[in-house]
2 protein chains.
Amino acid sequence: MSIAVVNKNAKRGSTVKPEPESAASSGLSGAKVAPRDRIVSTACELFRQHGIRGIGVDAIAEAASTNKMTLYRHFGSKDDLICETLRVTSEKSGAMWADIETRFPDDAKAQLGAWVAALSECLQREPSGCDIANAAVELKEADHPAHAVIENFKILQRGKLTDLCRRTGTEEPETLADTLLLLLEGARVSRQASGLEGPAQCFQRACRNTLHAFGVGVR
Amino acid sequence: MSIAVVNKNAKRGSTVKPEPESAASSGLSGAKVAPRDRIVSTACELFRQHGIRGIGVDAIAEAASTNKMTLYRHFGSKDDLICETLRVTSEKSGAMWADIETRFPDDAKAQLGAWVAALSECLQREPSGCDIANAAVELKEADHPAHAVIENFKILQRGKLTDLCRRTGTEEPETLADTLLLLLEGARVSRQASGLEGPAQCFQRACRNTLHAFGVGVR
DNA sequence: ATGACGTGTTACTTACCGGTAACATACCAA
DNA sequence: TTGGTATGTTACCGGTAAGTAACACGTCAT
């Protein structure tokens with residue numbers, strides 16, 4: 001099983017102090033990010049890169065410039081940490097929604113167009129698919145606590161999008177919203193399996209076609 | 001890390017012979033399935049149930065009514081076995097295509113309709129998404145041999161579908177095919193994360209709408 | 001009978017990984 | 001100063017996983 005060597009029970013090579021603030025891969029410069037936050041953001045990144053099962057807590061802690069004990073003081077278990085990263089990811093998505101709403105207040109059609117554009121752009125940038133959906137694929141144990149977070153996010157996302165579609169005045173807003181969600185999830189998973197030149201490349205066009213078919217001409 | 005207890009270095013509980021032919025979960029009755037084939041079909045099943053990283057070779061061998069040594073005599077490594085299961089899954093998909101073609105010879109529109117219907121039915125039946133796409137999500141190591149199999153399958157599938165769309169006489173057959181693929185992948189991943197009542201439920205309707213929009217009225 | 005061949009069995013090695021214990025250190029507030 | 005709190009360090013435990021070695025057994029063709 002060619003498992004990528006990422007873990008090996010971290011043993012810091014150097015004895016020197018690792019520069020009190022090395023910003024821990026999080027873009028913020030001298031913001032003095034607390035260990036807990038470094039751990040969460042690092043975990044997000046590494047889970048995305050290696051998969052949830054593909055990275056160990058030790059490696060996460062080390063990459064966050066801290067250690068396993070501190071990690072376990074903040075999160076009782078790896079599962080807890082997983083749930084937290086999913087929650088943070090959900091919140092990021094919520095921020096995107098808020099941003100769209102402030103940019104195009106009271107203009108449902110423009111908001112829907114912005115949603116497609118934002119996700120399309122995100123699709124170009126992020127090589128990995130939807131972290132939440134990926135977690136659902138990886139965590140098959142039916143009783144895993146992450147499933148609650150996943151379900152919650154999916155319901156919220158679907159509700160918001162359906163609502164937005166409804167505000168455009170289209171008939172069958174539910175079908176429109178679900179169709180767009182299928183295209184989105186499909187594009188994200190397809191991007192992982194087939195790259196950017198695969199079916200994912202037509203995500204934006206497919207969305208526009210769909211919107212047009214539902215009588216929601218954008219722009 | 002609440003890992004489902006499935007492996008624990010298999011130790012057969014009974015000493016009695018396990019009935020020379022217990023059919024190893026493969027429907028065939030007294031067909032005397034060879035160990036190799038039992039292993040492959042069992043692995044397909046268990047990978048789907050627990051994920052590729054979630055099940056060990058020992059558990060697979062035991063579930064196939066054989067043992068790890070025999071498994072390793074047929075497949076040099078777990079990675080080899082993974083590739084083989086993906087190849088088998090690809091072939092099953094190929095069989096579906098052949099079936100559709102024989103049922104509606106020289107009728108591209110009917111074939112496309114049958115494709116949607118078949119996948120939709122498969123979506124109802126199989127709780128887990130596309131095994132190939134799931135493998136792509138789980139195996140993040142860029143150099144994993146399975147990626148060649150995955151890519152090959154995806155290219156083949158896309159080619160076949162694009163060809164079929166082209167034969168319906170529609171303009172932009174590539175866009176139609178890619179849109180349908182996005183809907184399919186999306187439905188499969190959404191079914192895992194949100195269940196059957198989620199966005200996946202509108203897969204068939206979304207496909208019909210798309211076909212209609214591309215001037216390919218089915219039925 | 002005699003091999004060869006596929007298979008079963010047991011035991012082992014190596015390695016990783018989640019999680020914990022015990023102790024040391026730094027910093028901040030009263 | 002004192003003491004609490006968050007953090008760092010090291011070492012360890014138990015479990016599981018991939019992969020291998022050595023040997024025993026059955027079957028089938030010659």
Side-chain angles (χ1 to χ4, degrees), chain A residues 1-22 24 32-39 43 46-47 50-82 139 141 144-145, chain B residues 1-22 24 32-39 43 46-47 50-82 141 144:
Chain A
M1 185 65 166
S2 65
I3 294 279
V5 193
V6 179
N7 231 347
K8 55 175 161 185
N9 260 23
K11 187 93 15 175
R12 178 120 62 227
S14 60
T15 327
V16 299
K17 244 190 207 149
E19 288 187 40
E21 232 14 88
S22 64
K32 202 160 181 71
V33 187
R36 194 198 133 95
D37 297 330
R38 295 202 312 264
I39 291 170
L46 294 182
F47 285 157
H50 304 280
I52 291 177
R53 308 198 102 125
I55 193 80
V57 284
D58 223 336
I60 293 171
E62 194 193 14
S65 305
T66 177
N67 54 70
K68 199 161 53 162
M69 271 315 298
T70 299
L71 188 153
Y72 273 102
R73 284 185 195 115
H74 286 289
F75 309 94
S77 66
K78 184 179 181 180
D79 287 341
D80 276 11
L81 177 57
I82 294 169
L139 306 172
E141 305 96 349
H144 195 289
Chain B
M1 180 66 167
S2 64
I3 291 280
V5 194
V6 178
N7 231 347
K8 55 174 161 188
N9 261 22
K11 186 93 14 176
R12 179 120 63 231
S14 58
T15 327
V16 298
K17 245 194 205 141
E19 288 187 42
E21 231 15 85
S22 65
K32 203 159 182 70
V33 188
R36 195 199 132 95
D37 296 330
R38 296 202 311 264
I39 292 170
L46 294 182
F47 284 156
H50 303 282
I52 290 177
R53 307 197 105 124
I55 194 80
V57 285
D58 222 336
I60 293 170
E62 194 192 15
S65 305
T66 178
N67 55 69
K68 198 162 52 162
M69 271 315 299
T70 298
L71 188 154
Y72 273 103
R73 285 184 195 118
H74 285 290
F75 310 95
S77 68
K78 185 179 182 181
D79 287 341
D80 275 13
L81 177 59
I82 294 169
E141 305 96 350
H144 196 290

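Labels below follow one simple rule: chain letters A, B, ... track the order of the sequence lines, proteins then strands, and each chain is numbered from 1. The structure displayed is predicted, hence computed values, not measured ones.
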- Query: Is there a side-chain contact between B:H144 and B:I82 (heavy atoms, below 4.5 Å)?
  - Reply: yes
- Query: Between A:E62 and A:R38, does at least one N-O distance fall below 4.0 Å, as a salt bridge requires?
  - Reply: no
- Item | Nearest-Å distance for atom pair CG/P, residues B:D58 and D:dT20 | 14 Å
Between the protein and nucleotides 3-7 of chain D, which nitrogen or oxygen pairs are less than 3.5 angstrom apart?
{"unit_1": "D:dT7", "atom_1": "OP2", "unit_2": "A:H74", "atom_2": "NE2", "d": "2.8"}

- Query: Which whole-number value in Å describes the distance from A:I55 CD1 to C:dC17 C1'?
  - Reply: 11 Å
- Message: If we check side chain to side chain contact (heavy atoms under 4.5 Å, CB included) with B:L71, which of these qualifies: B:D58, B:D80, B:I39, B:T66?
- Response: B:I39
- Item | Euclidean distance, atom CG of residue B:L71 to atom C1' of D:dA17 [Å, nearest integer] | 13 Å
- To the nearest Å, how far apart are A:E62 CD and C:dC17 C1'? 15 Å
- Item | Listed nucleotide nearest any side-chain atom of B:Y72, set D:dT10, C:dG19, D:dA18 | D:dA18
- Tightest non-hydrogen contact, residues A:I52 and A:F47, listed as CA-CD2, 3.7 Å
- Residues forming a salt bridge (Lys or Arg N to Asp or Glu O under 4.0 Å) with B:R73, sequence neighbours excluded: none
- Query: CE of A:M69 versus P of C:dA24: gap in Å, rounded?
  - Reply: 15 Å
- Message: Is it the case that the base of D:dG19 and the side chain of B:K78 share a donor-acceptor contact (distance under 3.5 Å, atom types as modelled)?
- Response: no
- Can you check the A:H50 NE2 to C:dC16 P distance for me, whole Å? 15 Å
- Task: Grab the two heavy atoms, one from B:H50 and one from A:R53, that are nearest each other, plus how far apart they are.
- Result: O-NH1, 4.1 Å
- Note on the structure: Whole-Å distance, A:L81 CG to C:dG19 P, equals 10 Å
- Message: What is the distance, to the nearest angstrom, from the NZ atom on B:K68 to the P atom on D:dC23?
- Response: 19 Å
